[in-house]
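Let me begin by presenting the structure, written as structure tokens, before commenting on it.
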Amino acid sequence: MRQAIKTFMLAAAASATLFTAAQAEGIAGAPAPFDKGGVKVALISYISAGDFFQAYQAGAEAQAKALGIDLRVFPGRQNAAEQRDQVQQAINLGVQGIVIDHGQPESLADVAQKALDAGIKVVAFDVNLNNPAIPQVEQSDHELARLALEQAAKDNGTAFNAGYVYVAGFAPLDRRNEVWDKFKAGNKGVVEKARFGTVSDTTATSTADQAKAALTANPDISVIFAPYDEFARGVKLAAVDLGISSKVKIYSADVSTADIQEITEEGSPWVATVATNPAVVGAISIRAAALKIAGQDVPGQILVKPVLLTQTALREAGVKSIEELAAKLPAFSASDAVTADWIPAKLF
Ligand code: SR1
């Protein structure tokens, strides 16, 4: 695990310990069952590896701790059958809430319904379970892709040869793909010369191998749309290995301290990313589950707005880490999405 994420998680945990006293007896003034404490929630992820998912989990843990929730985290191993089995395990554990983070709808929809039938509140992040009883948290993926591609057009015009990194079947990537298709349809001078991508426990290095082959076969590619930071990291690795960093520009999604370092380093081809704070998204997912458990209203769709972060802006602002980014952009570390006055909100 990268040092920056460790530091962040420790800070989040330390901050959450402020609420330990409240946890034992519950939260004064909170609705049942949070007034008594001891609420059990499961976080069931499809992917746990990588900066985004580690920060998402850290944010979920910090919010859970602040709410006195006993959070059971099930590690994601990109295994649909295992994730499905974990939902069943959570039902057997008697949790009051389940947050499902990514995954394949076809292997989750019926078991999620089984949880609902058992009286368990279910919240989904980035997996569309097509169930009106399950609120869906997402990062405004259409806006995220639009901001990245508008920046690409600003930097490169609207006629260029592109590489595109995409794996179908992941809700956020599918939504970003809709915007990419629209962008190409509206800009006929943009030619997609190569498409590749892998999602696994070694996404960045596997994508790097594919990017190397694609860039070698298509030396006229000047722009790569890689809307997931692990994809962008892989493409950057390939560009550096091939010695073509000055000839390609990478536009991505997501941000972490390691990403900021890769974007801002001298000669980096990674020129922009569009991102939310994944820890905030994790905290929001837990709050949505908590509100449902307390019988309070939660919108069917919860959108977290992303921000455009260009290499130029990050360098000019001297930002070197997520913490520094949050200090410059306070909105990045906080969100009032799905909250209530009884929910402790100051986490990071
Ligand atoms: C494989 S899906 C990866 C994406 O999920 C989250 O939405 C992150 O933004 C990441 O880009």
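The first residue in the sequence is number 1, and the count goes up from there. Ligands are counted one by one from 1 in listed order, and the atoms in each one are counted from 1 as well. Just so you know, these numbers come straight off a predicted model, no measurement behind them. Below, all heavy atoms of this structure are taken into account, side chains as well, without hydrogens, waters or symmetry copies.
If you look at A253 next to ligand 1, there are no close heavy atoms at all, none under 4.0 Å. Contacts of F170 with ligand 1, taken as heavy-atom pairs under 4.0 Å, involve the side chain alone. By the criterion of a heavy-atom distance under 4.0 Å, the side chain of H102, and not its backbone, is placed next to ligand 1. The part of R176 lying near ligand 1 is the side chain, judged by heavy-atom distances below 4.0 Å. Counting heavy atoms under 4.0 Å from ligand 1, residue Q139 touches it through the side chain alone.
With hydrogens and angles ignored, the 3.5 Å screen pairs no side-chain donor or acceptor of R72 with any backbone N or O of K40. For D174 (side chain) and G169 (main-chain N/O), a donor-acceptor pair under 3.5 Å exists by modelled atom type.
Taking the six-membered ring where the residue is Trp, F225 and W180 present tilted rings, their angle falling between 30° and 60°.
Electrostatic pairing of R146 and E150 counts as a salt bridge here, judged by a charged N lying under 4.0 Å from a carboxylate O.
Numbered from 1 in the order shown, with element, the atoms of ligand 1 that lie under 4.0 Å from a heavy atom of Y228 read 1 (C), 3 (C), 10 (C), 11 (O).
Within the 4.5 Å cutoff, the side chain of F231 has no heavy atoms near those of the I224 side chain.
Considering only non-hydrogen protein atoms, atom 6 (C) of ligand 1 sits nearest to D126 OD2, 3.3 Å.
Here Y56 and F125 bring their ring centres to under 6.0 angstrom of each other.
Polar contact with ligand 1: absent for D141 (N/O pair, distance under 3.5 Å).
With L43 as the fixed residue, the side chain to side chain contact (heavy atoms under 4.5 Å, CB included) test singles out one of I98, I100, L71: L71.
The residue among T203, V304, D254, D229 with a heavy atom at the shortest distance from atom 11 (O) of ligand 1 is D254.
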